[in-house]
Enquirer: 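This is the structure I have questions about; it appears just below.
This chain uses plain numbering: 1 for the first residue, then up along the sequence. Keep in mind that this is a model prediction, so the values were computed, not measured. Ligands are counted one by one from 1 in listed order, and the atoms in each one are counted from 1 as well.
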Amino acid sequence: MKFDTVIIGGGLSGLTCGIRLMEQGRKCAIVSSGQSAIHFFSGSFDLLSRVNGQEVTNPLESIHSLPSEHPYQRVGQANIARLAEEAPQLLDRAGMVFAGTAKRNHFVLTPMGTMKPTWLTLDDFTSFAKNDKLPLSRATIVNLQGFLDFHTLFIKDGLTRYGVEVQVRNVAMAQFEAIRRNPSEMRSSNIAKVFDQGDALDQFAEKVNKLGKESDVIILPAVFGLFNTTVPAALKARINKPVVLLPAVPPSTPGIRCQIQLRQRFQELGGTHFLGDMVREGKFKGNRLRYVNTNNHGDIQLEADHFILASGSFYSKGIKAGPYGLFEPIFGLDVDGENEREKWFDKQVFNNQPYMHYGVRTDARFRPMINGQPVENLYAAGSVLAGSNPLKEGSGAGICLLTSLHVAEQILQDQDDEERYI
Ligand SMILES: Cc1cc2nc3c(=O)[nH]c(=O)nc-3n(C[C@H](O)[C@H](O)[C@H](O)COP(=O)(O)OP(=O)(O)OC[C@H]3O[C@@H](n4cnc5c(N)ncnc54)[C@H](O)[C@@H]3O)c2cc1C
């Protein structure tokens with residue numbers, strides 16, 4: 001099978017690359033072995049929230065303070081500013097509306113009742129301009145009876161510190177009795193399926209409206225709209241107070257919905273998506289990758305002019321740590337990181353952990369290397385890249401979105417150059 005580009009990994013990075021290339025009329029396939037980090041989506045995409053422990057107000061102005069090996073520095077400040085405008089437009093074309101700008105972080109409430117700075121927030125959730133004061137004085141937190149993945153007392157405790165008067169209430173509904181019998185079934189995605197259809201949403205809203213009469217806002221877990229994208233807006237329309245949704249413990253309902261919408265956009269553009277398949281190995285000729293083999297395709301080779309590695313970090317097995325060191329499991333690419341295990345981590349768990357910076361080494365064009373030589377037609381994007389600590393910096397999704405758009409541009413440029421040459 002022959003494609004213009006084969007992308008390894010169908011998380012935020014792989015899908016962003018695929019959509020961008022398909023929008024430009026390129027023929028792409030994505031091979032993805034399983035779940036991605038979007039299933040842990042909190043509702044916001046971070047660009048840059050902290051540098052050297054200091055909170056960032058304007059991410060674009062703070063990029064120059066990052067180390068030179070950081071993916072943002074390597075994409076370049078001007079490109080980051082331009083691509084940060086493009087990213088929400090791409091998400092919008094896939095049906096997702098986000099609020100926020102790269103020139104100024106806004107704030108969102110966390111499931112701990114604290115505020116965190118971020119870049120883009122999905123319209124299910126509520127953005128705040130400031131983090132020193134909340135524009136509310138009385139809140140009612142409403143949970144579903146038996147739902148253990150929404151920690152109302154943490155939220156209450158956090159909000160009380162902002163001077164908000166909080167009451168916590170539970171709503172029992174017959175529709176959840178069956179899944180409640182087994183606590184492992186009472187998960188956000190199963191609850192969301194119930195609200196996706198029928199009259200459960202109407203009944204729920206009616207019960208909530210009786211509880212929060214004295215409050216400025218109603219705070220609910222984000223368990224609305226798994227396959228049905230209209231549910232979050234329908235919920236807000238039915239509740240007669242402003243609604244603030246807060247993330248529950250993963251799997252994230254809005255995250256799964258975003259993943260589905262991105263995949264649908266890619267497929268509607270004509271992209272081929274091999275879900276549940278895994279790239280095993282690749283065949284090289286000189287410094288070029290000719291094709292890859294996958295578990296499900298057996299001897300059928302997936303050939304392409306270009307390949308993109310978007311296989312994620314340790315969490316998705318894009319990078320692995322074995323008894324004798326770190327390695328990239330598909331092609332044996334060069335990895336930036338220490339091989340001695342005791343250097344991987346700091347015993348103080350909240351310190352800057354060295355392993356968070358590890359990933360594949362690339363040249364200036366984001367082409368990974370084997371023994372120091374870049375593979376001419378292979379690019380890497382997203383969390384598989386070395387050089388950042390997304391957790392400490394608050395930069396995870398930003399690195400994925402912007403390096404993916406950048407890599408797509410590199411490939412489009414390569415193809416234009418090749419066509420001009422021919
Ligand atoms: C738990 C968690 C929570 C996060 N929360 C936030 C947040 O709230 N805000 C934020 O800004 N950022 C957050 N991030 C960071 C950011 O969202 C992620 O880094 C980003 O989504 C990663 O996208 P990715 O596509 O690079 O990798 P992944 O999402 O890890 O996707 C990689 C994909 O590649 C597939 N794959 C791997 N190997 C192969 C193979 N050999 N063949 C085929 N497929 C393969 C995997 O199955 C997976 O689907 C979070 C990250 C994690 C891990």
Enquirer: I'd like to know whether the aromatic ring centres of Phe176 and Phe195 sit less than 6.0 Å apart in this structure.
Expert: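 Close enough - the centres of the two rings lie under 6.0 Å apart.
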Enquirer: Not counting sequence neighbours, list each pair that qualifies as a side chain to side chain donor-acceptor pair (under 3.5 Å) and has a residue in residues 84-98.
Expert: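 Qualifying pairs, neighbours excluded: Glu23-Arg93.
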Enquirer: Which protein residues come within less than 4.0 angstrom of ligand 1, counting heavy atoms only?
Expert: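 For ligand 1, the contacting residues are Ile8, Gly9, Gly10, Gly11, Leu12, Ser13, Val31, Ser32, Ser33, Gly34, Gln35, Ser36, Ala37, Phe40, Ser42, Ser44, Phe45, Asp46, Asp277, Met278, Val279, Ala310, Ser311, Gly312, Ser316, Ile330, Gly382, Ser383, Gly396, Ala397, Cys400.
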Enquirer: Could you tell me whether the side chain of Phe45 reaches within less than 4.5 Å of the side chain of Leu47, counting heavy atoms only?
Expert: no
Enquirer: Can a donor-acceptor pair be found, under 3.5 Å and without considering hydrogens, that links the side chain of Tyr72 to the backbone of Gln77?
Expert: no
Enquirer: Is Arg288 salt-bridged to Glu376, going by a charged N under 4.0 Å from an acidic O?
Expert: yes
Enquirer: Do Lys320 and Phe327 form a cation-pi contact, if we require the NZ or CZ to be under 6.0 Å from the six-membered ring centre and within 45 degrees of the ring's axis?
Expert: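 Pair Lys320/Phe327 does not count as cation-pi.
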